[in-house]
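Taking it in order: structure first as structure tokens, then the write-up.
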Amino acid sequence: MSKANGKLDGQVALVSGSGRGIGLAIAKKLASEGACVVVNDLDAEPAAGAVAAITADGGQAVACVGSVTADGFAERFVATGIDHFGGLDIIVNNAGYTWDNVIQKMDDAQWDAILDVHLKAPFRILRAASGFIREKAREEADRGEERFRKVVNISSVSGVFGNAGQANYAAAKAGINGLTRAMAKEWGRYKVCVNSVAFGLIMTRLTEASARGDAHIDIEGRQIKVGVNPQILESAQKMIPLGRSGTPEEAAGAVYLLCIPESNYVTGQVLVCGGGRP
Ligand SMILES: NC(=O)c1ccc[n+]([C@@H]2O[C@H](COP(=O)([O-])OP(=O)(O)OC[C@H]3O[C@@H](n4cnc5c(N)ncnc54)[C@H](O)[C@@H]3O)[C@@H](O)[C@H]2O)c1
């Protein structure tokens, strides 16, 4: 049973990359407000953990494991929501990682991987959802019903303002804001609100510095260095007007605002969630 009396009762949400970090917090928040959530992650274990945590809390969730960049993934993700929960109301394109380097050291594979995960995959997921959304929106319009659906694309301040060492990531995250604005215009007629949330510094494994500042994550067999050097992290935190970095739960709060009925007339926007600092 989904939770009753939530703001998202009866809605079906897809959240990519929701086995850890911000995506996990988003999946939990949407489920706690009554949404049935399709959890996705590259890794089966965190995806199963997210489903277990949501169901233990009385919510409903199912896992769709796999890389958002894989051929056929987008269709499988969308079909999981429709087949398992009977609908599709919210799509959060969150999955991704950083793979930084200065431009002279960035090879084509590094550029392509980041563009694929942050930009091409969301495009494919929205394209895969378009048939269902258009069909349902037409049926609802014929009944005189105005039912809003929500897409929230996860961007970054790097995509809005740029960041040295992130040519690939900044380009991809700027690209998703372009996709957001185009889709808001294309899908307005179907009552789909399409917005981006551009995060500043949020504490997850992507940003948490290890003692030596050399944390690595495993992405499809590649060991990728992530984490912010502790000294840079400290000085970055000092420049945030709210005085600290954000938590995944605070990041999820910004996404949630764009999923609830109170934001039904907000579309095509990029909301910066960065504690007051770009
Ligand atoms: N943490 C920050 O400060 C920050 C700032 C701006 C934007 N973001 C963005 O927020 C999103 C979430 O990042 P996070 O900080 O929570 O990172 P995270 O590493 O804690 O969580 C991301 C999850 O996405 C999964 N993932 C990665 N590639 C995937 C793929 N190809 N297919 C499916 N799942 C995949 C990972 O396995 C991981 O569980 C990303 O899009 C990131 O770029 C984060």
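Both ligands and their constituent atoms are indexed starting at 1 by order of listing.
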Practice prompt. Classify the ring geometry between H118 and Y169 as parallel (under 30°), tilted (30 to 60°) or perpendicular (over 60°).
Written response: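 Taking Y169 first and then H118, their aromatic rings stand perpendicular (interplane angle over 60°).
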[X], [atom1] atom: more than 12 neighbouring heavy atoms under 6.0 Å:
| X | atom1 | result |
| --- | --- | --- |
| E139 | CD | yes |
| K28 | NZ | no |
| Q231 | CD | no |

Worksheet entry | Of the listed options T204, N94, I26, V228, closest to atom 12 (C) of ligand 1 (non-hydrogen atoms) |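 Nearest heavy atom to atom 12 (C) of ligand 1 lies in N94.
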Worksheet item: Judged by non-hydrogen atoms, does Y169 sit under 4.0 Å from ligand 1?
Response: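 It does, in that a heavy atom of Y169 comes within the 4.0 Å cut-off of ligand 1.
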Worksheet item: Does even one non-hydrogen atom of G66 get within less than 4.0 Å of ligand 1?
Response: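 A heavy atom of G66 does come that close to ligand 1.
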Answer with side chain, backbone, both or neither: which part of [X] has a heavy atom less than 4.0 angstrom from an atom of ligand 1?
| X | answer |
| --- | --- |
| N40 | side chain |
| D43 | side chain |
| M203 | neither |
| I202 | both |
| T207 | side chain |
| I22 | both |

Purely on distance, is any nitrogen or oxygen of [X] under 3.5 Å from one on ligand 1?
| X | result |
| --- | --- |
| F199 | no |
| S155 | no |
| G200 | yes |
| V68 | yes |
| S156 | no |

Worksheet item: Considering only heavy atoms of V117, which atoms of ligand 1 have at least one such atom less than 4.0 Å away?
Response: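 So the atoms of ligand 1 that pass are 31 (N).
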Worksheet entry | Atoms in ligand 1 with a heavy atom of H118 nearer than 4.0 Å |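 Heavy-atom distances to H118 below 4.0 Å select 41 (O), 43 (O).
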